[in-house]
Amino acid sequence: MRPLLIAGNWKCHLRHASARRLAEEVRQGLPQIDGILVALCPAFVHIPPVKEVIKGSPIILGAQDLHWQDDVAATGEVGPSMLAEWVEVVIIGHSERRRLFGESDEVVNRKVKAALQAGMRPILCIGETLEERQRGDTFIVLARQLEGALAQVDSPEGIVIAYEPVWAIGTHMAATGPQAQEVALFIRSWIGKKWDPQCADSVIILYGGSVTPQNMAEFATQPDIDGALVGGASLDSRSFLGIIAEAARAKGKPWGS
Ligand code: 13P
């Protein structure tokens, strides 16, 4: 049985005090959770204070990116070993990094391998643009991104894959449940063909893009979707906790017992 995973991607938001406050509110609002993984992914500078706030709670700490090499002349970057001292998971290949910073599938691949090597769990993001979807190229694009990101990876076990259609991110135009399920099934089948069906069955697949407490159940009721990567709605503790509660309910996980 795959766990439910809800991860908050705080992107380039918050300040020291507001990051601490948000983490504290999420911590306080989380009841006993069983079979549910909750992760917070603040900006690098907010990782140490958030770590302090969530100490002793089940909340998992994550980062939003990493560099693929340790101890090199790479001004401004954070290497895998130094990051692994702080976080358990790391978002890799987010469409904002691909679009704003020109990250290629090859760079994403280096980062995935470096994260695994350093003992972190990558949350690999893939997704098509609106133009690619309208051209009917969705599955071609996703297969290319998967192939590129997972080249020379021995096993996908431990890797989380987030399907984030670019057109749904920050637009209030979420995909529909069936659209997301179709892609999640495609991803699982792709992994099954590249490795084996058993390991495909164990990979956690998330949906991301305009997730709210109102639409979470639509995704969580899909058999191949194991949770969500949440952007905007993770910046408000009430909506983030609401998303976790809705997902837990839809997946039949105990909540608040
Ligand atoms: P929104 O939830 O704000 O659409 O962002 C999704 C996302 O990019 C999460 O990584």
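Both counts, for ligands and for their atoms, begin at 1 and track the order of listing. These values consider heavy atoms only, across backbone and side chains, with no hydrogens, waters or symmetry-generated copies.
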Within the structure, is a non-hydrogen atom of Gly209 found at a distance of less than 4.0 Å from ligand 1?
yes

Quick check on contacts: which atoms of ligand 1 are under 4.0 angstrom from a heavy atom of His94?
7 (C), 8 (O), 9 (C), 10 (O)

Part of Ala168 with heavy atoms under 4.0 Å of ligand 1, whether side chain, backbone, both or neither
backbone

Nitrogen or oxygen of Gly232 less than 3.5 angstrom from that of ligand 1:
yes

For Glu24, does the CD atom have more than 12 heavy-atom neighbours from other residues, nucleotides or ligands under 6.0 Å away?
yes

Take atom CZ of Arg2 as the centre, draw a 6.0 Å sphere, and report whether it contains more than 12 heavy atoms from other residues, nucleotides or ligands.
yes

Any nitrogen or oxygen of Ala233 lying under 3.5 Å from a nitrogen or oxygen in ligand 1? Just yes or no.
no

For ligand 1, which part of Ile169 has a heavy atom less than 4.0 Å away: the side chain, the backbone, both, or neither?
both

Residues, nucleotides or ligands: over 12 heavy atoms within 6.0 Å of Trp195 CH2:
yes

Looking at Arg249, I'd like to know if its CZ atom is crowded, meaning that more than 12 non-hydrogen atoms belonging to other residues, nucleotides or ligands lie closer than 6.0 Å.
no

Measure the distance from atom 2 (O) of ligand 1 to every protein heavy atom, then report the residue, atom name and distance (to 0.1 Å) of the closest one.
Gly231 N, 2.9 Å

So, taking the atom named CG in Asp226 and the one named CG in Leu4, what distance separates them when rounded to the nearest 0.5 Å?
8.0 Å

Selection from Lys11, Glu96, Glu164 by shortest heavy-atom distance to atom 5 (O) of ligand 1:
Lys11

Asp236 atom CG, neighbour heavy-atom count above 12 within 6.0 Å
yes

Less than 3.5 Å between some nitrogen or oxygen of Leu229 and one of ligand 1, yes or no?
no

Can you measure from NZ (Lys51) to CD1 (Ile59) and round to the nearest 0.5 angstrom?
12.0 Å

Look only at interatomic distance and state if Thr171 has a nitrogen or oxygen under 3.5 Å from any nitrogen or oxygen of ligand 1.
no

Using a strict 4.0 Å cut-off to heavy atoms of Asn9, name the atoms of ligand 1 that fall inside it.
9 (C), 10 (O)

Let's go through Thr138 and Glu182 carefully: what are the C-alpha distance in whole Å and the side-chain angles of both, what is the deciding distance for side-chain contact (heavy atoms from CB on, under 4.5 Å) to 0.1 Å, and is it a yes or a no?
CA-CA 11 Å; Thr138 299; Glu182 186 187 25; over 6 Å; no

